[in-house]
Amino acid sequence: MAAVHFDAQMPKIRLGTTLIVIGALVLLATLFTALSFVWDDDSNTVTKAAVAATSPAITTNDVQIDGWIDDRRVTPGDPITFWIVVQNPPLGKEIRNVEIVALRRPNFEIPASERRCWRTVTSAAGIPAETVPICRNTAIPVAPWLPQPSVVPAGSVTVEGHLIAGPRGGKFGVTAVVGWVDASGAHRRKPISVAPVIVESQWRNRVVSAARILQSILSILKDFALPVVLLWLGYRIKKIETAREETLKKIETARESTRKKTDDHVARVQQTWTLMLPKLHQNAEKYYIPLISYAGSVRKHHTSNPEYSFFFYNMFLAQMKRMVDEISGFYLKDMIGEDVVSLIWEALLDEADSPQWFGRVQRENLQLVVTPTHTYFEFQKTALLDAAVASAHVKFVAQSKEFAKQLPLFELFSTALWFETNICYVVWYDKPPEFPRDAFKAATDKFEAAFGPLTEKHSSLVKLLRQYGESVEARTSPLL
């Protein structure tokens, strides 16, 4: 470390300079005290401090909500401005009908001049009705109305509103529930709470202001000359000591920065796992494991018993509808895994909806008639009695050799979903799952050969499948 050199002698202090400094300080103190006497409230001197909150998007099918309130400390009758920003992720899909479906604002009132931009929502019996903003900016008569018809990926909707603090003191906040319709047509809801906003008594502020004025008066009445000189000398000494410690502080700051980044990263990872692992485990038990089983059974029985294969094919379609209706899609650890299983499902759906097979109406009827928990016996006694199911059954069995082209898709789907589900339990099992790379590549080759020459959509899927197989090696590290 390079040596830091200091001046051994203190700089000389001239009497004239000292007197000028003391006189200037006395003048400033006197002016400050005089202004304090005529100032009846110090609220205007306090810089506003906003309060903010955020609810991040968990998946590409979610939205991020940010909320602000422009002042965290007000008195009764003071206005506040709040903003709620709904952001559609860049990788998401277009969403519709974005609006505020509920807004709780204890101890805050709506300005009378802006009531035209608020609407009372009728609630269920026993639950008080709520008033929600229906303008993008409640202070502007010509502001766009809510709900926002459409928000594209990477787009956002900002709702600005105004409230007036009520008479009660304490800590309060604003809680909003945002609603929208996602790309699948499902109605979604997500809350955000922005707090606390402290409502203070006006008398308390005046007492604080009077105490500050009294403190200033007492300070001036003291023998200030010597303290001012000592303060100035102390400043000079402190400046020298600061220069002496600067090098050590830079080194310590660099170390602390590195430590903080590491700790922050570990904390974020831990928080994410704490939030998402129970959700993934629940989804795996309820949706993913049955889907893996059904997809494997379609392949297992296709050659030896097409009747069984058709049964498990229907169970697969019905289970996918159940999952999409209840959780909208796949929630896995890595986005490439979500993309792979989602695009394979889209390819299977395109095949089912094609004129060669069932068409969309008949396929949707299969999903409605079949119950994912049925046994083969129950399937024969209930679902096969439906004319559309029976017709699809005859066609499936008659063209089972043609259906064999889709079997690589079922193998790719079950393999990818099995791996994505089990990679999250690497700590539990002490080692990552062994991904069948060769079998996955062979199934990709079969799919490419069976559907060649490839359409643009199939070509993109093949490219993604090959990238996925290459990415698995890096993701099976025990440190994940």
Tell me the closest heavy-atom pair linking L465 and F440, and the distance in Å. O-CE2, 3.5 Å
Is there side-chain contact between R105 and I110, with heavy atoms separated by less than 4.5 Å? yes
Side chain S293, main chain P290, donor-acceptor under 3.5 Å: no
Can you name the closest pair of heavy atoms from I344 and L409 and give their distance? CG2-O, 3.4 Å
Enumerate the residue pairs fulfilling side-chain hydrogen bond (donor to acceptor under 3.5 Å, both in side chains) with a member in residues 80-91, sequence neighbours excluded, ordered by first and then second residue. D66-Q87, W83-E160
Just do the side chain to side chain contact (heavy atoms under 4.5 Å, CB included) check on V462 and F451 with the steps written out, would you? CA-CA 11 Å; V462 169; F451 286 87; over 6 Å; no
Salt bridge (charged side-chain N to carboxylate O under 4.0 Å, His left out) pairs touching residues 164-178, sequence neighbours excluded, are none
Go through the steps to decide whether E256 and K260 satisfy the test salt bridge (charged side-chain N to carboxylate O under 4.0 Å, His left out), and finish with yes or no. CA-CA 6 Å; E256 183 63 24; K260 188 175 184 302; over 6 Å; no
Whether E470 and R466 form a salt bridge (side-chain N of Lys/Arg under 4.0 Å from carboxylate O of Asp/Glu) is what I want to check. no
Within the 4.5 Å heavy-atom criterion, are I327 and N283 side-chain neighbours or not? yes
Measure the shortest side-chain to side-chain distance between Y288 and Y331 over non-hydrogen atoms and say whether it is less than 4.5 angstrom. yes
Could you tell me whether a side-chain N or O of S460 sits under 3.5 Å from a main-chain N or O of E456, the two making a donor and an acceptor? yes
Check whether any side-chain heavy atom of L103 sits under 4.5 Å from a side-chain heavy atom of W118, and report yes or no. yes
For Y468, what residues pass the side chain to side chain donor-acceptor pair (under 3.5 Å) criterion, not counting sequence neighbours? E420
Just grab all the salt bridge (charged side-chain N to carboxylate O under 4.0 Å, His left out) pairs involving residues 334-345, residues at least two apart or on different chains. D334-R475
Quick one: pull up CD1 in I100 and CD1 in I84 and give me the separation to the nearest 0.5 Å. 4.0 Å
For R115, all residues meeting salt bridge (charged side-chain N to carboxylate O under 4.0 Å, His left out), sequence neighbours excluded: none
The reported gap from CD in Q319 to CG in N314 (rounded to nearest 0.5 angstrom) is 13.0 Å
With rounding to the nearest 0.5 angstrom, report the CD to SG distance, E114 to C135. 9.0 Å
Partner of F316 under ring-ring contact (aromatic ring centres under 6.0 Å, His included), chosen from Y294, F410, Y287: F410
Nearest heavy atoms of L280 and C424, plus distance in Å: CD1-SG, 3.5 Å
State, yes or no, whether a side-chain contact exists between V174 and L163 at a heavy-atom distance under 4.5 Å. yes
Do the side chains of L332 and L417 get nearer than 4.5 Å, heavy atoms only? yes
I would like to know whether W180 and V86 meet side chain to side chain contact (heavy atoms under 4.5 Å, CB included); could you show each step before the answer? CA-CA 10 Å; W180 73 95; V86 183; 5.6 Å; no
Using modelled atom types only, decide if a donor and an acceptor are shared between the side chain of T371 and the backbone of H374 within a distance under 3.5 Å. no
Tell me, please, which residues at least two apart from R363 pass side chain to side chain donor-acceptor pair (under 3.5 Å). D353, Q367
Provide the closest heavy-atom pair for A57 versus P89 in the form atom of the first, atom of the second, distance. CB-CG, 3.8 Å
Residue pair K93 / N61, side-chain heavy-atom distance below 4.5 Å: no
Identify, with sequence neighbours excluded, every residue that meets salt bridge (charged side-chain N to carboxylate O under 4.0 Å, His left out) alongside D386. none
Listing request: all salt bridge (charged side-chain N to carboxylate O under 4.0 Å, His left out) pairs with a residue in residues 177-198, at least two apart in sequence or in separate chains. D62-K190, D182-R188
What's the separation between atom CE in M320 and atom CZ in F413, rounded to the nearest 0.5 Å? 5.0 Å
Should F447 and L461 be marked as a side chain to side chain contact (heavy atoms under 4.5 Å, CB included) after you check the CA-CA gap, both sets of side-chain angles, and the distance that decides it? CA-CA 10 Å; F447 165 67; L461 176 55; 3.9 Å; yes
If you look at every heavy atom in A186 and S328, which pair is closest and at what distance? CB-OG, 4.5 Å
Output the distance between atom CZ (F330) and atom OG1 (T60), rounded to the nearest 0.5 Å. 12.5 Å
Not counting sequence neighbours, which residues clear side chain to side chain donor-acceptor pair (under 3.5 Å) with K279? List them please. none
Residues in salt bridge (charged side-chain N to carboxylate O under 4.0 Å, His left out) contact with E285, at least two apart in sequence or another chain: none
Evaluate the side-chain proximity of D78 to D71: yes if any heavy-atom separation is below 4.5 Å, no if none is. no
For Q406, which residues count as a side chain to side chain donor-acceptor pair (under 3.5 Å) partner, sequence neighbours excluded? none
Which residues pass the salt bridge (charged side-chain N to carboxylate O under 4.0 Å, His left out) test with E252, sequence neighbours left out? R259
First locate atom NZ of K333, then atom CZ of F419, and finally report the distance between them rounded to the nearest 0.5 Å. 9.0 Å
Side chain of R136, backbone of L146: donor and acceptor closer than 3.5 Å? no
Go through the steps for V101 and E130 under the test side chain to side chain contact (heavy atoms under 4.5 Å, CB included), then give the verdict. CA-CA 9 Å; V101 298; E130 296 186 18; over 6 Å; no
In terms of ring plane angle, is the pair F358 and Y313 parallel, tilted or perpendicular, where the classes change at 30° and 60°? tilted
Which heavy atom of A352 sits nearest to which heavy atom of W357, and what is that distance? O-CB, 4.0 Å
